[in-house]
Amino acid sequence: MYNRARCHLYGIGTEIDKDKAIEWLTKAANHDDDDLFFDERAIELLVKLYQSNDIIQQNESLAQMWRENLEKKQGIREKEIPGYRKQKA
């Protein structure tokens with residue numbers, strides 16, 4: 001999902017489509033509302049996109065929402081997966 005989003009975002013093998021990119025990033029970030037199986041890269045890219053004004057319209061409240069979402073999901077992973085933080089470092 002994340003890679004597909006990047007293709008739409010940057011026009012890799014397809015036309016640039018910012019709406020589809022955001023849609024795929026959101027799917028990857030939420031992954032069926034499962035707090036263990038989500039793509040951190042997708043959330044980090046959503047934060048970056050909403051903070052800047054380069055590709056999509058800047059929206060600091062959405063950037064903050066995704067930052068908080070990432071912190072929450074990382075906290076759940078830390079509790080559920082032994083050694084999660086150690087593996088990531």
### Message
To check you understand the geometry: which heavy-atom pair defines the closest contact between T14 and C7, and what is its length?
### Response
CG2-O, 3.6 Å
### Message
Please say yes or no: joined through hydrophobic side-chain contacts below 4.5 Å, possibly via intermediate residues, are Y2 and I12 part of one cluster?
### Response
yes
### Task
With sequence neighbours excluded, tell me which residues meet side-chain contact (heavy atoms from CB on, under 4.5 Å) with L62.
Y50, N59, M65
#### Entry: Side-chain donor-acceptor pair present, E40, Q74, cut-off under 3.5 Å
yes
### Query
Do you know the tightest heavy-atom contact between A29 and I43?
CB-CG1, 3.3 Å
### Task
For the residue pair Q64 and E68, confirm or rule out a side-chain donor-acceptor distance under 3.5 Å.
yes
### Message
Go through it in stages, so that I can follow the logic: the residues are N30 and K73, the test is side chain to side chain contact (heavy atoms under 4.5 Å, CB included), and I'd like the CA-CA distance, side-chain angles, deciding distance and then a yes or no.
### Response
CA-CA 10 Å; N30 289 325; K73 289 179 182 243; 4.3 Å; yes
#### Entry: Minimal non-hydrogen separation, L49 against L9, with atom names
CD1-CD2, 4.0 Å
### Straight-line distance of R41 CZ to K48 NZ, nearest 0.5 Å
13.5 Å
### Message
Just verifying a value: how many Å separate E15 CD and H8 NE2, rounded to the nearest 0.5 Å?
### Response
11.0 Å
### Task
Could you walk me through whether E23 and K27 pass salt bridge (Lys or Arg N to Asp or Glu O under 4.0 Å), step by step?
CA-CA 6 Å; E23 178 184 333; K27 285 180 183 182; 3.5 Å; yes
### Task
Could you check R67 against Q51 for side chain to side chain contact (heavy atoms under 4.5 Å, CB included), going step by step and ending with a plain yes or no?
CA-CA 11 Å; R67 270 193 300 277; Q51 282 180 328; 2.5 Å; yes
### Query
Looking only at heavy atoms, which two atoms of W66 and V47 are closest? And how far apart?
CB-CG2, 3.6 Å
## Note on the structure
Rounding to 0.5 Å, atoms CD1 (I16) and OH (Y10) come to a distance of 10.0 Å
#### Entry: Path from L70 to L25 over hydrophobic side-chain contacts below 4.5 Å
yes
#### Entry: Distance-minimising heavy-atom pair for W24 and A5
CB-CB, 3.6 Å
### Task
To the nearest 0.5 Å, tell me how far L46 CG sits from I22 CD1.
5.5 Å
